[in-house]
Structures are given as structure tokens and as C-alpha cells.
Number of protein chains: 2
Amino acid sequence: MAQTSPTFSPLYRQIKSLMLVALESGEWSPGQAIPSEQELAARFGVSQGTVRKAIDEMAAENLLVRKQGKGTYVASHNDPRSLFRFLRLVPEGEDLSHPVSVPLECWRAKAGQEAARVLAIEPGSPIIIVRRLLEFSAKPVVVDEIYLPGEVFQGLTLEMLQGWKGSLYSLFETRFGLRMIRAEERIRAVAADRRTAEMLRVKEGVPLLSVERVTFTYGDRPVEWRRGLYSTDEHFYLNELN
Amino acid sequence: MAQTSPTFSPLYRQIKSLMLVALESGEWSPGQAIPSEQELAARFGVSQGTVRKAIDEMAAENLLVRKQGKGTYVASHNDPRSLFRFLRLVPEGEDLSHPVSVPLECWRAKAGQEAARVLAIEPGSPIIIVRRLLEFSAKPVVVDEIYLPGEVFQGLTLEMLQGWKGSLYSLFETRFGLRMIRAEERIRAVAADRRTAEMLRVKEGVPLLSVERVTFTYGDRPVEWRRGLYSTDEHFYLNELN
DNA sequence: GAGTGGTCTAGACCACTGG
DNA sequence: CAGTGGTCTAGACCACTCT
């Protein structure tokens with residue numbers, strides 16, 4: 001028997017799409033409360049339960065955050081709770097200090113073949129490259145090289161990076177209106193080259209984690225490509241499998 | 001103002017607890033269908049919607065699997081779909097072949113301090129140690145050393161491991177009634193020692209991923225501790241951050 | 001107390017599976 | 001066709017937050 005409706009989409013998913021539009025268009029911005037379930041139900045002409053189910057899914061995807069008695073908020077990287085959502089590196093001991101980002105360089109370039117492919121832009125189009133260090137308790141643990149599409153990050157400077165208190169993604173969100181939704185990391189083991197070894201204060205040739213990350217914003221659009229080299233003598237990469 | 005009920009637990013969570021008991025006790029076993037939502041609602045004296053919400057959570061935790069039109073099933077590691085739930089290693093190219101497990105050794109020992117701590121058993125109590133190779137397209141890529149509490153895995157032998165077609169966890173589930181629910185992995189970069197290098201057919205000193213995994217069954221009880229060394233010249237560890 | 005999200009119910013109907 | 005999970009509704013009440 002043929003499917004009766006091969007493209008069947010339940011009502012709450014259509015509502016979800018409408019809400020995603022409100023997010024992408026900036027009608028609702030990070031950290032702000034969205035309208036109450038009652039209001040949304042009225043606005044979309046459905047029952048509260050249907051709106052609820054749409055919100056449920058979006059909360060599960062970390063797009064929204066529910067706060068009982070207060071309202072539903074657009075998730076934000078400014079929220080300290082989402083600090084470790086993308087950083088999986090953990091100190092071996094009881095060290096509870098916050099990691100500190102130390103921007104080193106920031107320059108313009110043209111996208112090569114690989115960067116263009118990963119960022120889904122034209123080869124030769126402008127990109128911005130950032131190098132920075134991540135320190136735990138004043139100890140350098142990660143060297144990152146970050147590739148950003150120039151189109152989106154116009155006006156990004158080293159001074160801006162150095163002046164920012166908070167995570168990179170919180171800066172991207174606040175200054176460029178770009179919210180990072182999800183990421184993919186490819187992890188390999190590599191030997192430290194001389195330059196990296198110096199920066200991480202380890203010996204040349206020491207095994208490091210190479211963590212290559214592609215980060216996506218709304219609509220699964222890739223907007224960041226970074227490669228980090230992690231020293232794992234006093235830290236480890238923690239992954240929870242569910 | 002004091003909280004009116006500091007230990008408030010909604011009805012659907014209580015239902016969930018009851019269903020967890022049914023799972024742990026073996027009343028419902030992996031791969032089998034559980035009673036329909038209607039039946040469960042009658043059995044527990046609640047509405048279908050409440051049962052539904054309990055099942056929703058358990059499905060989100062990969063304890064149950066819903067199949068529209070058929071019923072709700074207890075998740076099983078025999079299901080091919082759950083094969084890559086815990087193995088995050090991916091070949092670089094288009095290689096779609098299944099990894100093959102090659103058990104090498106299996107012997108008895110007494111738990112040392114660390115093994116005892118991780119497995120939450122007494123130091124000196126019996127454990128079983130398994131060494132095995134994981135091959136992709138006949139190429140050795142991972143050497144695993146696996147520590148299991150002897151209490152639980154009585155009767156496990158090298159022959160049993162070698163005779164088994166399927167994943168380790170599917171064997172554990174079928175032969176020992178132990179279902180693995182979740183795991184934590186700690187990843188570091190290390191240099192290959194001579195013995196490992198030979199087994200993985202790489203040079204001594206080559207950087208490898210060290211992946212230490214603790215696996216838990218129902219009730220967050222740790223029942224497996226393993227350390228794998230991954231060669232990442234033709235494969236990488238893929239992690240999705242959401 | 002007013003407003004928010006969170007729970008629970010009862011009932012109707014839809015989509016999918018299998019005999 | 002009967003039985004399953006999936007959707008949608010409308011309404012009642014609860015827990016939490018802030019004023």
C-alpha cells in the first residue's frame with residue numbers, strides 16, 4: 001500500500017518552524033524571554049498543548065530554556081551554564097578554575113580549498129584567522145587556530161577579542177548576532193611541532209590531541225572551523241555517551 | 001517562603017520508576033515489546049497521557065524504543081542500530097565496512113586499587129581481563145584492555161568471546177543479562193609503546209588516542225572499565241556537540 | 001495575587017503495522 | 001480490520017516566581 005501522506009508533518013512541527021523563523025530573524029534574541037505559551041497559542045491559533053510540544057523539542061535542542069514560574073528564554077552563550085557545552089576539556093585534579101582565553105593574533109586571508117569546502121563559501125573569498133591560547137590556572141593547555149568567514153565577521157579585530165570578558169561564542173553572539181547551535185569534533189592524536197610545543201611548554205614531539213571542530217548556526221550553516229591542539233598531561237577530554 | 005513540597009515528584013516520574021523496576025528485574029527483557037500504553041495506564045491506574053510521558057523520557061534515555069503501529073520495545077545492543085552508539089571511531093574515507101572484534105586473551109585476576117575504585121568493588125575481589133583488537137577492513141585500529149567484575153561475568157571465556165558474532169555488549173546482554181546504559185570516556189594523547197605499536201602495525205612512539213571508558217548499567221552501577229589505544233592515521237574519533 | 005510553566009485527565013481522531 | 005503509537009484539544013489544578 002502506498003503511504004497516504006509521505007510528507008506528513010504534525011502541527012506542532014509547523015509551529016516549531018514558525019518559531020525557528022522568529023529566532024533566526026532576530027525577533028526573539030538570545031537571553032530574552034519569548035511570549036508565554038498562552039500568547040503563542042493564540043498567535044498561531046492552536047492549543048497550548050501543541051505550542052508546548054514545539055517548545056519541548058526546541059528546549060531539548062538547547063535552543064530555548066524553560067524557567068518555571070518565569071517564562072521561556074532564548075538560549076544564550078552569555079549564560080554561564082552553557083560555558084562547558086562545547087569545551088570538553090577537564091583538569092585531572094580538583095581544579096575548579098575557569099579557563100581563560102588569550103587571543104594572540106588575528107589576520108585576514110583568502111579561503112583555500114579546504115576552508116572553503118568546510119565553511120561552504122567560495123574559494124578565495126575573505127576569511128579571518130584567529131590564533132589564541134586557552135589557559136587553565138595560568139597554564140597554557142590549548143592552542144587554537146580559528147577560521148571564520150569574513151563576510152559574517154566583518155570588523156573583528158584582535159583588540160576586540162582581547163577586550164572581551166567571556167567566551168568567544170558569547171562575543172560572536174553579542175557583536176555579530178550569530179548563535180552557535182551545534183558542532184562536530186574530529187579528534188586525532190598528533191605529535192607536537194616545535195612552535196606548538198613552545199607555546200604549550202611541552203617538549204617537541206609530545207603526543208597532543210588534535211581537535212578539529214566545525215560549528216553550525218541556525219539552518220545547519222557552518223560558520224566556524226577551528227583546529228585545537230590540546231595538551232593532555234594534566235587535562236583530559238571528557239565525553240559522555242548516552 | 002519555605003517550599004511547599006521540597007521532594008515533589010510528579011506522577012509520571014513515579015510511573016517511570018515502576019517501569020524501571022520492571023526493566024531491572026527482567027520482567028521486560030531487551031528486544032521484547034512492553035505492554036501497550038493502554039494496558040500500562042490500566043495497570044498503574046493513571047491516564048494514557050501520563051504513561052506516555054514516562055515512556056517519552058525513557059525513550060529519550062535510550063532505554064526504550066517506540067515503533068509506531070507496533071509497540072514499545074526494550075532497547076537492545078543486538079539491534080544493529082545501536083552498534084555505533086558507543087563506538088565513535090570513523091574511517092577517513094568512504095569505508096563503510098563493519099568493525100570486527102578479535103579477542104586475544106582472557107584471564108582472571110584480583111582487582112587492584114584503581115580497578116576496585118572504578119568498578120566500585122572491594123580491592124582483591126575477582127576480576128576478568130580481556131584483551132582484544134578491533135579491525136576495520138582487516139586493519140587493526142584499536143587495542144582494548146577490558147576489566148570486568150568477576151562476580152557478574154562468571155563463566156566468561158576466550159572461546160565464548162571468539163565464538164560470538166556481534167558486539168561485546170550484545171554478548172554481555174544476551175549471556176549475562178547485563179544491559180549497558182551509558183558510558184563516560186576520558187581521552188588523552190599518548191605515545192605507542194613497543195608492544196602496542198606492533199599490534200597496530202605502527203612505529204613505536206607514534207601518537208595514539210588513549211580512550212578510557214567506564215560503562216554503567218541500570219542504577220548507574222559501573223560494570224566495565226576499559227582502556228583502548230586508537231590509531232588515528234586512517235580513522236578519527238567523531239563527537240557531536242549539541 | 002497574578003502570571004508563568006508543569007502536570008494530569010478524558011476523549012477524539014490520525015498514521016502506521018500486521019493479519 | 002483491529003491494535004498500536006502519535007497528535008490535538010480543552011479544561012482543571014499544581015508549583016514556582018515576582019510584586
Side-chain angles (χ1 to χ4, degrees), chain A residues 1-19 22-23 28 31-76 79 81, chain B residues 1-19 22-23 28 31-76 79 81:
Chain A
M1 201 57 122
Q3 309 274 83
T4 43
S5 66
T7 52
F8 168 73
S9 171
L11 190 48
Y12 74 86
R13 267 192 209 287
Q14 303 174 37
I15 303 302
K16 185 180 167 189
S17 304
L18 293 174
M19 294 178 65
L23 283 178
W28 302 334
Q32 301 292 110
I34 70 171
S36 76
E37 298 180 351
Q38 292 289 357
E39 286 177 273
L40 290 171
R43 164 164 162 185
F44 297 128
V46 299
S47 80
Q48 192 199 3
T50 302
V51 168
R52 230 185 132 60
K53 188 137 194 192
I55 295 179
D56 278 345
E57 281 203 0
M58 297 173 75
E61 292 166 23
N62 295 304
L63 298 176
L64 299 176
V65 179
R66 296 173 169 289
K67 299 186 184 176
Q68 179 168 129
K70 299 185 69 177
T72 302
Y73 295 75
V74 180
S76 166
D79 187 331
R81 279 171 299 190
Chain B
M1 201 57 125
Q3 308 274 81
T4 41
S5 67
T7 52
F8 168 73
S9 171
L11 191 48
Y12 74 85
R13 268 194 210 286
Q14 303 174 37
I15 303 302
K16 185 180 166 188
S17 306
L18 293 174
M19 293 177 64
L23 283 178
W28 303 332
Q32 301 293 109
I34 70 172
S36 76
E37 296 181 352
Q38 292 288 358
E39 286 177 274
L40 291 171
R43 166 162 159 186
F44 297 126
V46 299
S47 81
Q48 192 199 0
T50 301
V51 168
R52 232 186 130 60
K53 188 136 192 193
I55 295 179
D56 277 345
E57 281 202 0
M58 298 172 75
E61 291 166 22
N62 295 305
L63 298 175
L64 299 176
V65 178
R66 320 184 84 127
K67 299 187 184 175
Q68 177 168 134
K70 299 184 70 175
T72 301
Y73 295 75
V74 181
S76 165
D79 187 330
R81 278 171 300 189

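Order of the sequence lines sets the chain letters (A, B, ...), proteins ahead of strands, with each chain counted from 1.
- Look at CZ on B:Arg13: it is 7 Å from P on C:dT7, rounded to the nearest Å.
- One atom, CZ of A:Phe8, and another, P of C:dT17, lie 13 Å apart when rounded to the nearest Å.
- Among pairs with a residue in residues 8-18 of chain A, those fulfilling salt bridge (Lys or Arg N to Asp or Glu O under 4.0 Å) read A:Arg13-A:Glu57, A:Lys16-A:Glu57, A:Lys16-A:Glu61, at least two apart in sequence or across chains.
- Between A:Gln14 and A:Leu11 there is a side-chain heavy-atom pair separated by less than 4.5 Å.
- Around CD of A:Gln38, the count of heavy atoms belonging to other residues, nucleotides or ligands within 6.0 Å does not exceed 12.
- In this structure B:Ser17 satisfies the side-chain hydrogen bond (donor to acceptor under 3.5 Å, both in side chains) test with no other residue, sequence neighbours excluded.
- Scanning for side-chain hydrogen bond (donor to acceptor under 3.5 Å, both in side chains) contacts around A:Glu39 gives A:Ser36, with sequence neighbours left out.
- The side-chain hydrogen bond (donor to acceptor under 3.5 Å, both in side chains) check on A:Arg66 picks up A:Glu37, A:Asp56, with sequence neighbours excluded.
- Only B:Thr50, B:Lys53, listed by number, bring a heavy atom of residues 50-60 of chain B to less than 4.0 angstrom from any atom of DNA chain C.
- Residues of residues 63-74 of chain B having a heavy atom closer than 4.0 Å to DNA chain C, listed by number: B:Gln68, B:Gly69, B:Lys70.
- To the nearest angstrom, C1' of D:dC13 lies 14 Å from CG of B:Leu11.
- With sequence neighbours left out, the side chain to side chain contact (heavy atoms under 4.5 Å, CB included) criterion links B:Asp79 to B:Arg81, B:Ser82.
- Contact annotation: the side chain of A:Ile15 never approaches that of A:Lys53 to less than 4.5 Å [non-hydrogen atoms, C-beta and beyond].
- Residues passing the side chain to side chain contact (heavy atoms under 4.5 Å, CB included) test with B:Val65, sequence neighbours excluded: B:Lys67, B:Ala75.
- Between A:Ile34 and A:Met19 the shortest side-chain heavy-atom distance falls below 4.5 Å.
- Using a 4.0 Å cut-off on heavy atoms, the residues of residues 34-48 of chain B that approach DNA chain C are B:Val46, B:Ser47, listed by number.
- If you measure from atom OH of A:Tyr12 to atom P of C:dA15, you get 14 Å, rounded to the nearest angstrom.
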